[in-house]
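All remarks here apply to the structure that follows.
Note: hydrogens, waters and symmetry copies are ignored here, and every other heavy atom, side chains too, is used.
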Amino acid sequence: AESKGNTAFDRLKELCKEHSQVFEYEPLWYWTALCSLKKQQLPPSETRLRAIDDDQQRKLLLLYAPDVKEASDASAMLVGELGLASCLTPLELERLVQVWILNCFEHSDNPLGYSVYFMSSFMSHSCLPNAVWHHDGDDFVLRARCAIEEGDEISLSYLSEDSLLESIPARRKHLRDSKHFICSCMRCTAPCDKSRGFRCPKCRQASFYRLQAKAAGGNSPSSGDITGASCSSCQHCLSASEASFLAAEERELESKLDDFERRIERGRGRHSSLVQQLETALIRAECSLSQHWLLDKAWAIAADLYERNERQEDSQAATRKRIAFQEEAYPGLSGTRAWTLEAYADMLIRHSGSAVEPRVSIADVDALRQVEPQVSQIYLEALQILRLMFGESHEYYTSVNRKAIELEHEFRKHFDKACAASSSVSKEG
C-alpha cells in the first residue's frame, strides 16, 4: 500500500513526477515491487524497505509475466537512486514490477493498496465472468455470480464493475493497456455489442452492429469496424461515409465528456455554465447513439450537475436512463447497476424533503407517499444483486440493508401516527 512518510516511497513519487517520460506507471506499481524484495536483495543497513521471505518471492515469480530480458530505465533509476545497486539488479526489479502489474488485485482505497493471491492469479479473465471476488480482511473471498456447472472454468473480471458496462473496443483497450492481452471472451466475440448502439441512418432505430475484424486489435473505435455492417432492424448496410460519421460522433462525445469531467474536478461548485453545454452535447449525441456506454457516462454527469443545480426531476430522469441502459447492457449480476439503483432510491428520499444520512428519516406523511412503495422496491432490487455477489455480511449489502430497514421503520412510525389520529377523530365524532 502507499506509504506516505516513508522516505523511499516519497522519493519514488518525486522521481515519477520529475521524470514522467521515464516512469511509465503510477508510483504504487514500482512500490509493490520494491516491497517484494528478499533479504539478500537489500543492503544490511536498509530500514525503509521490509523484506519478504524467499518462498513468497518464488511464488510471485511463478505468476504470469512477459519474459523480460532488459530492465526499463525506470527500474535502473530506482535501483541507483535508492542505493540498492550493491544487492539488486534493475532486471530483478523490472521482473517484479511486471508480475505485479499483470497479477494484482486492488486491496484498499485509502490508502490505495494492491495485493497478489497466488492461486487466484491463475484465474482467467472474462467480460462475463462466472465469479466475483472481494476482500474480507486479508482473505480473498470468491463467490459465484451465476450458476456454475461442474467442470466449468472459473473466471473473474480484471476490469471494474463500471468498465464491464463499456463497449467491446473500450474494454479491450483497458485490458491491452493494463494486462497486455486482447480479450476474446463470449461478450467480446458476441454478434452485437449491447453497450455500443447507434441509430441507423435510414430507419433511425437503435441498431447494434457486429464488430468487424479491424476492431480486434483493441484500438479506439474507427469507422472501419462497422463499415458494411447491416442494421438489425431494417438491414440497411452502412456505407463508408455513414460509418465514418457515426464513429466521429462517438469520438466527439467521448472527448467532450472527458473535458466536462476535468472541469468538474476543479471544484465542488454548481457548474451551472456546464449544464447547457452538456445538454447540447447530449441532444447531438442521441441523434446518432443509442444504448451506448458513453450516453450512460453522460447521464451520470448530467444527474450530478442537475443535483447541484436543484433540478430534481431532471436528475431523476437521467438516473432512470442509466438504470435502463445498465439492465440492457449486461446480461448478468452487475454491481454498478445495484449501486445506481441505491443512488436512485437515496435521491428519491432526499427529493421528498427527507434525510438519508446519518439515518433514513422521512419528514412527514406527504413525503412518505412520495417515496413508498417505490423506494422500498428499488432498495430490494439492489439488495438482491448485492447479496448474491458479495454476501449479507459485506458492507455493500449491509449499508443498503440498513437504509431499507430504517425506511420500513419510518413507514410504520408514520402509519401508526396516522392510525392514532384517525382513531382520535372517530372518537370525537
Side-chain angles (χ1 to χ4, degrees), residues 109-110 160-163 165-167 170 195-199 206 246 248-327 329 336-364 366-367 369-371 374-375 378-379 382 399-400 403:
D109 295 323
N110 188 22
S160 68
E161 288 294 306
D162 286 350
S163 293
L165 296 175
E166 295 181 9
S167 65
S195 292
R196 192 188 179 209
F198 297 94
R199 291 203 177 277
L246 291 175
E249 290 297 287
E250 189 177 43
R251 290 193 298 271
E252 174 72 9
L253 179 59
E254 185 166 20
S255 175
K256 284 185 177 296
L257 295 180
D258 289 343
D259 179 57
F260 289 141
E261 287 185 327
R262 284 192 295 269
R263 293 161 70 180
I264 290 171
E265 285 174 1
R266 293 173 190 161
R268 178 58 204 170
R270 295 163 67 93
H271 295 286
S272 302
S273 62
L274 292 184
V275 175
Q276 186 173 355
Q277 296 175 46
L278 178 58
E279 289 176 333
T280 300
L282 267 169
I283 290 171
R284 173 177 170 174
E286 289 175 342
C287 291
S288 301
L289 312 181
S290 179
Q291 184 56 31
H292 199 292
W293 74 276
L294 289 173
L295 290 177
D296 179 55
K297 184 176 180 180
W299 293 326
I301 297 172
D304 177 43
L305 289 177
Y306 289 143
E307 281 285 282
R308 297 184 190 205
N309 288 273
E310 300 178 359
R311 292 175 55 176
Q312 296 181 352
E313 291 186 3
D314 290 329
S315 181
Q316 292 176 25
T319 305
R320 285 194 297 270
K321 288 181 178 180
R322 296 198 67 208
I323 292 169
F325 163 81
Q326 293 164 7
E327 183 175 19
T336 294
R337 175 171 161 75
W339 297 318
T340 305
L341 287 166
E342 177 189 4
Y344 183 48
D346 293 349
M347 178 188 297
L348 292 176
I349 292 175
R350 291 195 306 272
H351 290 177
S352 75
S354 304
V356 177
E357 298 294 347
R359 66 178 303 278
V360 174
S361 177
I362 304 301
D364 51 38
D366 289 337
R369 290 194 184 103
Q370 290 184 50
V371 302
Q374 181 184 10
V375 171
I378 296 169
Y379 277 144
S399 63
V400 181
K403 287 183 280 192

Those residues at least two apart in sequence (or on a different chain) that pass side-chain contact (heavy atoms from CB on, under 4.5 Å) with Ala367 are Ser352, Ser354, Ile362, Ala363, Asp364
Quick check on side chain to side chain contact (heavy atoms under 4.5 Å, CB included): which of Arg196, Glu252, Glu250 does Leu294 satisfy it with? Glu250
Please list, chain by chain and in numerical order, all residues satisfying salt bridge (charged side-chain N to carboxylate O under 4.0 Å, His left out) with Lys297, sequence neighbours excluded. Asp258, Glu261
List for me each residue that meets side-chain contact (heavy atoms from CB on, under 4.5 Å) alongside Arg266, sequence neighbours excluded, and say none if there are none. Arg263
Qualifying residue, where the test is side chain to side chain contact (heavy atoms under 4.5 Å, CB included) with Leu305 and the options are Arg270, His271, Glu279: His271
Could you list the residues that satisfy side chain to side chain donor-acceptor pair (under 3.5 Å) with Ser272, not counting sequence neighbours? Asn309
Answer whether the closest heavy-atom distance between the side chains of Trp339 and Val400 falls below 4.5 Å. no
Test item: Arg199 side-chain N/O and Ser290 main-chain N/O as donor-acceptor pair under 3.5 Å: no
Using only atom types and a distance under 3.5 Å, with no angle test, would you say the side chain of Ser195 pairs donor to acceptor with the backbone of Leu165? yes
Hey, are the side chains of Leu257 and Leu278 touching, using non-hydrogen atoms and a 4.5 Å cut-off? yes
Which residues pass the side chain to side chain donor-acceptor pair (under 3.5 Å) test with Glu307, not counting sequence neighbours? Ser315, Arg350, His351
Glu357: salt bridge (charged side-chain N to carboxylate O under 4.0 Å, His left out) partners, not counting sequence neighbours: Arg402
Is Glu249 close to Phe198 at the side-chain level, that is, under 4.5 Å between some pair of heavy atoms? no
Gln370: which residues meet the side chain to side chain donor-acceptor pair (under 3.5 Å) condition with it, sequence neighbours left out? none
Go through it in stages, so that I can follow the logic: the residues are Thr340 and Trp299, the test is side-chain contact (heavy atoms from CB on, under 4.5 Å), and I'd like the CA-CA distance, side-chain angles, deciding distance and then a yes or no. CA-CA 12 Å; Thr340 305; Trp299 293 326; over 6 Å; no
Taking only residues two or more places apart in sequence or in another chain, which ones pass salt bridge (charged side-chain N to carboxylate O under 4.0 Å, His left out) with Asp366? Arg369
Salt bridge (charged side-chain N to carboxylate O under 4.0 Å, His left out) contacts touching residues 339-349 (sequence neighbours left out): Glu342-Lys403, Asp346-Lys403
Counterpart residues, side chain to side chain donor-acceptor pair (under 3.5 Å), relative to Ser163 (two or more places apart): Ser160
With sequence neighbours left out, write down each residue that passes side-chain contact (heavy atoms from CB on, under 4.5 Å) with Asp314, or none if nothing qualifies. Tyr306, Arg311
Suppose we screen for side-chain contact (heavy atoms from CB on, under 4.5 Å). Which residues come up paired with Glu327, at least two apart in sequence or across chains? Arg337
